[in-house]
Amino acid sequence: MTASSADKILDGLNECQKHAVTTINGSLLVVAGPGTGKTLTIVRRIAYLVQQGVSPEHILAVTFTNRAAREMKERAEALLGGIASMLFAGTFHLLGLRIIKDIYGKEFSIFSRDEQAVLLKSLTQASARKVQQVAEKISRIKNFLEDSNKETQAIYKAYQAALSQRNAYDFDDLIRIPIEILEKNEELRKKYQDKFKHIIVDEYQDINPAQYRLLKLLAGNTPNICAVGDADQAIYAFRGADLRNFLNFEQDFPGTAMITLSENYRSTGIILDAAESVIKNNRSRIDKKLIPTRGKGARITVISVPDERAEGSAIIREIELRIGGTSRYQMEHGNVGRGGSEWSFRFSDFAVIFRTNAQATALEEGFSASGIPYQVIGRKNSAQAREIEETLAYLRSLVHDVGISEQESVETQDSKLLDPADLFNPGADAVTLMTLHMAKGLEFPVVFITGCEEGLIPCTLMKDRTDIEEERRLYYVGMTRTKNELFVLYSRRRSLYGHRLPSIPSTFLSDIPETLLQFTVVPDKVKKQKEREQLGLF
DNA sequence: ACCATATACATTTTT
DNA sequence: TGTATATGGT
């Protein structure tokens, strides 16, 4: 390759990004805060490896979500063309699937969460609730999060036998089986270590013990491994993700180089300052500061509303102010919309984020009454779930009627690894409603974080299990989704399980300096009462 | 087998 | 407050 193509690969990158792209030997930890061009850096790194003569089939790029994997793959293809298909870019589970198929050379089906539950139900005759608990237990055992006890051992065995009888694996097996094989078989272990000469792991802070073990097996003793992530965005501890793997990476892989991507290309300075003022209270983190590149921006608006319905109305009012041609808002604020130069907002520029799914209902009521298009993502038993089933059924039918290629058929089976969040359609012109968890990895010009009250953020609904640092990270993730305008809302009263609770603003709000905030109060409705009084006079 | 009533319970969920 | 499971009566 010529020098000019190397230039092209590094084109438009900042110094740290360039460094992260070109440090290809040994172990490397890239600390990539929100909006720092993480995916860009990963994709350019892949291109750089290829340009340096590494064959794409020796490159392993793993992520956690299909969404992230898809983006990585698409962008790698755009950069490298057809040869990009030779590298592995996909989720941990797809990687495991490929390894199992590669070694066993057999077809098998993957049981979804629902199929798993049905199977367990048939084995135990237990209630749906109990079945869920058992499924969770088995999952935790398979992910090395806990050991099996006498009680679970029996059902575990029966379940595994039933799976095997149906020529099936569950999601966790896709990681567990390769670990088992590679731990036992040195020859195969060597084979994969030789194959994956360069490993890139995205979102390393979210890695769980099983994934870590698999990775260690593939990496071998002298790995070229690049872990990319951000300790401040670790929000899956409850699923077994172990942040310590990230924090200890340098000791874990001796000789590690560490690069921090600091320049933030997403958010305004005020938003970054505010987010920093919240997250700096955490102890389990690598200290870092995000450098804004987009100017100071507007203050964060704190809106106090009387109840959760008013939360929706306040949001809808703000959206309506910004949608619909030459608005009063435009005259007052100038062109601060998307891109900055041209005034325009689409519904898809707005995100409404909450801690618990239960909060969606009240918000949805407001939205459906307003006529504003919206999509709620990530929720189970929704139209989206049905859509998945329909899509899967359609894909399966393709396999049997139509003669499609082996590659496609693999993709089809792999589509079992889809989940509702993957159906999030960024192209749809609709306001997106979702939990803080679902918001990770996304960005929006205007963000509303609702329910910023003690009890909800940080969420203490299950008192004994509150991880305040993780809650803080969640809030941090929420805030840093914002490009331009952030609204945080809290309700002075909230109905929770039928009880009306008086609410006080989240401590996370008081961590933000007041100079970064502006306050709006939506008063209690006194109108109706006045009307009643007037009627009473007559 | 069935319906009615009582009771327990409630976060987040990458695949 | 709503949902899902457990209980109880016919």
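Throughout, a chain's letter reflects where its sequence line sits, starting with A, and its residues are numbered from 1. Hydrogens, waters and symmetry mates are skipped; everything else that's a heavy atom, side chains included, is used.
The NZ-P distance, from A:K130 to C:dA4, rounds to 18 Å in whole Å. The nearest whole Å value for the distance from the NE2 atom in A:H437 to the C1' atom in B:dT13 is 7 Å. In this structure, the CZ atom of A:F92 is 12 Å from the C1' atom of B:dT15, given to the nearest Å. Distance CD (A:E115) to P (B:dT15): 16 Å, rounded to an integer number of Å. For A:M438 and B:dT13, the CE to P distance is 7 Å, given to the nearest whole Å. Remark: P of B:dC9 and CG of A:N357 are 21 Å apart, rounded to the nearest angstrom. For the pair A:N66 CG and B:dT13 P, the computed distance is 16 Å after rounding to whole Å. Rounded to whole Å, the distance from CD on A:Q132 to P on C:dT5 is 10 Å.
In the set B:dT11, B:dT15, C:dT5, C:dT5 carries the atom at the smallest distance from any side-chain atom of A:A128. Residue A:D206 places its side chain closer to B:dT14 than to any other of B:dT12, C:dA6, B:dT14. Ranking B:dT15, B:dT12, B:dA10 by closeness to the A:T356 side chain, first place goes to B:dT12.
Taking the six-membered ring where the residue is Trp, A:F249 and A:Y204 present perpendicular rings, their angle passing 60° and hence far from 30°. Classified by interplanar angle (parallel below 30°, tilted 30° to 60°, perpendicular above 60°), the ring pair A:F367/A:Y374 is tilted.
Ring-base stacking between A:F238 and B:dT11 is not satisfied when judged by a centre separation under 5.5 Å and a plane angle under 30°.
Of the listed residues (A:R472, A:E454, A:E471), just one forms a side-chain hydrogen bond (donor to acceptor under 3.5 Å, both in side chains) with A:T507, and that residue is A:E454. Remark: of the listed residues A:K440, A:K38, A:R473, A:K288, A:K288 is the sole one forming a salt bridge (charged side-chain N to carboxylate O under 4.0 Å, His left out) with A:D230.
Salt bridge A:R113/A:E136: present, at least one basic N to carboxylate O contact under 4.0 Å. Using a 4.0 Å cut-off between a side-chain N of Lys or Arg and a carboxylate O of Asp or Glu, A:E365 and A:R309 qualify as a salt bridge.
Looking at heavy-atom distances under 4.0 Å, A:A68 makes no contact with the nucleic acid at all. Among the atoms of the strands shown, base atoms are found under 4.0 Å from some heavy atom of A:E471. Using a 4.0 Å heavy-atom distance criterion, A:R465 is classed as a base contact.
Residue A:T435 has a polar side-chain atom (N or O) positioned under 4.0 Å from OP1 or OP2 of B:dT13. OP1 and OP2 of B:dT15 both lie 4.0 Å or more from every side-chain N or O belonging to A:Y169.
Evaluation of atom-type donor-acceptor distances gives no pair under 3.5 Å for the side chain of A:R239 against the base of B:dT14. In terms of polar N and O atoms assigned as donor or acceptor, the side chain of A:R129 never comes within less than 3.5 Å of the base of C:dT5 in a complementary pairing.
Taking the syn range as angles within 90° of 0, the glycosidic angle of B:dT12 is outside it, so the base is anti.
For the pair A:I207 and A:Y497, nearest-nucleotide mapping onto DNA chain B gives the more 5' position to A:Y497.
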